[in-house]
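Reading through the structure tokens given below for one structure.
Numbering of ligands and ligand atoms starts at 1, following listing order.
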Amino acid sequence: MKPQPTVANMHLSTPFFLTALLAFTSVVKAEIGIAEVMSALYVDHHDLQCDSTHLGKEFIYLSPSDNITDTTAWSQVVEGPDLSTKYNIRTGDRIKVTYKSTTNSTTGSRRLLLTPDEELESIEVLEAVVPHEIFTGTQIQVKSIIYIIRTCGWNESTSVAQLQNLYFEGAHSISGYHANCSYGKVAYDPLNNPIFGIVDVPCNGTVSNGILTYAFDASKNCGSAEQFAWRTYAENAAREAGYGPFMNNATRRRIIHILPKEVKCPWAGLGSVGCGGTTCTVYIKGAYALSLTVNMHELGHTQGLSHAGRGYDEYGDYSDVMGTAASEGYLCMNVGNQYRVGWNKLLANLSTVTTNNPGNTGVDGRWVIPATNLTDTNALFLNYSSSTVRFPNMFISFRTRGLLYDDVMPTNLMDQVFVHQFNGTATERDYNRTLLVATLVTNGVYTSPFVDTYPNTSAGGGVKIRVVSITPGVSATVQLCHFTQLKETNCKDGIDNDCDGIIDNCAPPASLAPAGYSSPQLRSPSPPPRPPPSPLPSPSPRPPLRSPPSPPPSPSPRPPSKSPPSPKLKSPPPNPTPRRPPPSPRPPKPSPSPRPSPVRKPPPKSTATSSPPPL
Ligand SMILES: *[C@@H]1O[C@H](CO)[C@@H](O)[C@H](O)[C@H]1NC(C)=O
Ligand SMILES: *[C@@H]1O[C@H](CO)[C@@H](O)[C@H](O)[C@H]1NC(C)=O
Ligand SMILES: *[C@@H]1O[C@H](CO)[C@@H](O)[C@H](O)[C@H]1NC(C)=O
Ligand SMILES: *[C@@H]1O[C@H](CO)[C@@H](O)[C@H](O)[C@H]1NC(C)=O
Ligand SMILES: *[C@@H]1O[C@H](CO)[C@@H](O)[C@H](O)[C@H]1NC(C)=O
Ligand SMILES: *[C@@H]1O[C@H](CO)[C@@H](O)[C@H](O)[C@H]1NC(C)=O
Ligand SMILES: *[C@@H]1O[C@H](CO)[C@@H](O)[C@H](O)[C@H]1NC(C)=O
Ligand SMILES: *[C@@H]1O[C@H](CO)[C@@H](O)[C@H](O)[C@H]1NC(C)=O
Ligand SMILES: *[C@@H]1O[C@H](CO)[C@@H](O)[C@H](O)[C@H]1NC(C)=O
Ligand SMILES: *[C@@H]1O[C@H](CO)[C@@H](O)[C@H](O)[C@H]1NC(C)=O
Ligand SMILES: *[C@@H]1O[C@H](CO)[C@@H](O)[C@H](O)[C@H]1NC(C)=O
Ligand SMILES: *[C@@H]1O[C@H](CO)[C@@H](O)[C@H](O)[C@H]1NC(C)=O
Ligand SMILES: [Ca+2]
Ligand SMILES: [Ca+2]
């Protein structure tokens, strides 16, 4: 019997989104033998000590194959930072694992000084899955079985009827969430997603995983062994109840567990990253059983999506359910994440050399961007990278609060132009994160990072994005200007090289600051200002769903063996989400007029004939 894997350092995080990555894989260990790896979970953990900072921690769950030679050498779970990137594994891969030679060949016991990750020598992907979660023209049918887990004498956290409502029937539902946010490209229909009902799982015992057997005790832990027990009992119950043909038939099926409120899990939800192979898993802690956004967030991970961040906060994008949904409703994915899963189309794909061309308005660099709730052709894509120059790819969009689509978009963000960095592509194994770098109102300006490649203009440089006007609920007009110099030095090329609005206005050599275009966003590479939480309906993301901290002095159905009434979990923090510092007022407003003030004297010889771009 293996000792419990240490998942201990997860304990300090408050309920918060966690993500998971599941893989059916295979493994080898140099000294030990070959085994099949079952799954890998990716978990982010929120460190309460570091406000607004999330330290990613990933968990790979292993299920050794039958021909493993030394069962004692195996760790059920490997944990460490950025494992999915380090080993490039995704849910459903078959992998070969090699452990370091830490086994005492006499006893077969591993030394315990190293973390499971440190004991790993390598993971080699033998077979990489292609999940098929990206829309390519045929509507994607999501498949799942939804289980309500009951264990340890704890009540089930919800009922079939309530889940039926949450998933399919409510005015807002998981089914409607998928349909609205994907513009009908992804369907989550009752036929393909049966709600099984309650599954009773023993509180403790042993569960087999491949050739290994592990002890679990859900009254004390919520590690891979407990999770695997819930899953195993649930799936067995479904097979016994005749779901076998459906289970055998369905590929990429989500196994969704709705857990009791009292489980010892430090997260709100846990979901596989991607859903390659036959199955992937989602766990929802009881307090969040009926949270539309927690359920959708985890299901978003099964689509392959990563988190939507802002600044140093990997959940800091309040415009995306993969970031933080401040209230319950349909908060759709940002356009970068939509692009990743094929849910949107690009209004334009612009490079350094095409940015300053006439846009869809006929004016150089000027575009009208329709609101995302109105059309899936909704994003301007800027790609200034080349094989030699690395530059953040950017997506520009206009978001409002639609009838259903984005109907809980925070009021302080709606009807604004969003600028996201997203370096990913619409490929199945991509796990790049989106990063919100600016939200702009009329006259707002975002100035991107600058990569000096002058005079070569085929990559790099920078871009200024100014909001010319906004028609609330309809569209925004933006003015783009790709610049190749921070301060214009070529006074004779007839080009406004620095996008300050004046052609060939070279600065006097002693000039200090590039005052012309300075805007608050110039510190762009560093985290952008936080979104002001103030106008939000509630200061904390999801208070109503939190389980009440005080356990009822329950004459619970279970006998006295119930765990001491004292601190159940860690004593729940006063606030569901350790919140950010007090609202800072709106991000520093860009200077109302992005136009250069005449302070900066245009060189006398400026003979601009064409009207300069207004940036
Ligand atoms: C173990 O099984 C894997 C596939 O399941 C196979 O590729 C490998 O050759 C086997 N190794 C041994 C030592 O039997
Ligand atoms: C290996 O196990 C044997 C038997 O328990 C023990 O005597 C020996 O000290 C162990 N060696 C190491 C390196 O731990
Ligand atoms: C569990 O459910 C029963 C019956 O619905 C109820 O009487 C009891 O109070 C519940 N216990 C807890 C701990 O919620
Ligand atoms: C949006 O969701 C609602 C349910 O909340 C659903 O009735 C409707 O069909 C969805 N609309 C689209 C366009 O998918
Ligand atoms: C396992 O659970 C049962 C009740 O389901 C309990 O009586 C028993 O003490 C538990 N065993 C351990 C080792 O916790
Ligand atoms: C198996 O899948 C096919 C194609 O999706 C479907 O037509 C069929 O009804 C499914 N069978 C079962 C038992 O679910
Ligand atoms: C944008 O256009 C470039 C050049 O035509 C092409 O290589 C690239 O794949 C396009 N990107 C997207 C996202 O359409
Ligand atoms: C960005 O542009 C480069 C160079 O044209 C191209 O190789 C790359 O595929 C583009 N990236 C995307 C995401 O389109
Ligand atoms: C300009 O930069 C591009 C992209 O980095 C590169 O392919 C090209 O060779 C460069 N041209 C010159 C003249 O250096
Ligand atoms: C995108 O790539 C650029 C260039 O490598 C990098 O500076 C930036 O941090 C990346 N941004 C994100 C969100 O991945
Ligand atoms: C991010 O996207 C780039 C392509 O632009 C890709 O090379 C890289 O592997 C991706 N990173 C992850 C973690 O998926
Ligand atoms: C889109 O949002 C605007 C602004 O709230 C609203 O007027 C319009 O009816 C919405 N349309 C849809 C389809 O959601
Ligand atoms: Ca200029
Ligand atoms: Ca010039």
Side-chain angles (χ1 to χ4, degrees), residues 19 21 40 42 44 54 56 58 60 81-91 93 125 128-131 133-136 273-274 276 301 303-317 319-320 322-323 333-355 357 376-397 418-438 446 448-453 458-463 482 523-528:
T19 55
L21 164 87
Y42 168 84
D44 289 302
H54 294 88
E58 302 188 356
I60 302 173
D82 299 322
L83 296 177
S84 63
T85 304
K86 187 169 167 187
Y87 299 113
N88 193 27
I89 62 173
R90 297 289 181 273
T91 301
D93 288 349
V125 175
V129 291
V130 182
E133 301 292 346
I134 296 175
F135 180 79
T136 53
V273 171
H301 285 310
Q303 303 275 354
L305 294 177
S306 186
H307 288 138
R310 185 172 200 181
Y312 293 117
D313 183 350
E314 76 172 85
Y315 299 91
D317 186 346
S319 75
D320 189 322
M322 300 314 293
M333 285 71 170
N334 66 47
V335 294
N337 275 333
Q338 288 191 343
Y339 172 71
R340 161 67 181 75
V341 286
W343 293 2
N344 66 358
K345 303 185 195 92
L346 302 176
L347 206 51
N349 165 8
L350 301 169
S351 69
T352 52
V353 296
T354 58
T355 298
N357 289 347
D376 64 350
T377 303
N378 60 24
L380 287 177
F381 174 59
L382 303 184
N383 176 1
Y384 293 177
S385 293
S386 71
S387 50
T388 51
V389 177
R390 298 293 303 148
F391 195 89
N393 287 347
M394 283 179 284
F395 287 77
I396 311 171
S397 59
F418 286 69
V419 182
H420 284 93
Q421 280 185 19
F422 179 58
N423 295 327
T425 54
T427 51
E428 298 285 358
R429 294 171 65 82
D430 189 283
Y431 197 51
N432 278 272
R433 272 186 196 138
T434 59
L435 182 71
L436 177 59
V437 293
Y446 170 72
S448 76
F450 177 74
V451 176
D452 195 353
T453 59
S458 67
V463 67
H482 173 249
R523 51 201 188 95
S524 41
S526 67

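Residue Y339 has no N or O atom closer than 3.5 Å to an N or O atom of ligand 7.
Contact detail for G304 and R340: the closest heavy-atom pair is O-NH2, 3.5 Å. Shortest non-hydrogen contact noted between R433 and F422 is O-CD1, 3.6 Å.
When each atom of ligand 7 is checked for a heavy atom of F381 under 4.0 Å away, the hits are 13 (C). Residue L346 approaches ligand 7 through these ligand atoms, each under 4.0 Å from one of its heavy atoms: 13 (C), 14 (O). Proximity to L435 (heavy-atom distance under 4.0 Å) selects the following atoms of ligand 10: 13 (C). The atoms of ligand 10 that sit less than 4.0 Å from any heavy atom of Q421 are 8 (C), 9 (O), 10 (C), 11 (N), 12 (C), 13 (C).
A donor-acceptor contact closer than 3.5 angstrom links the side chains of D317 and N334. In this structure, a donor-acceptor pair under 3.5 Å is present between the side chains of Y384 and T355.
Taking CG of N383 as the reference point, atom CG of N349 lies at 6.5 Å (rounded to 0.5 Å).
The six-membered or imidazole ring of H420 lies away from that of F395, with a centre-to-centre distance of 6.0 Å or more.
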(request) Check the pair D320 / N337 against side chain to side chain contact (heavy atoms under 4.5 Å, CB included), numbers first and verdict last. (result) CA-CA 9 Å; D320 189 322; N337 275 333; 2.9 Å; yes
Where does ligand 11 get N/O contacts under 3.5 Å from the protein, atom by atom?
| residue | atom | partner | partner atom | Å |
| --- | --- | --- | --- | --- |
| ligand 11 | 2 (O) | N423 | O | 3.3 |
| ligand 11 | 2 (O) | D430 | OD2 | 3.2 |
| ligand 11 | 2 (O) | N432 | ND2 | 2.3 |
| ligand 11 | 5 (O) | N423 | O | 2.6 |
| ligand 11 | 11 (N) | N432 | ND2 | 3.0 |
| ligand 11 | 14 (O) | Y431 | N | 2.7 |

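With sequence neighbours excluded, no residue satisfies ring pair (Phe, Tyr, Trp, His ring centres under 6.0 Å) with F418.
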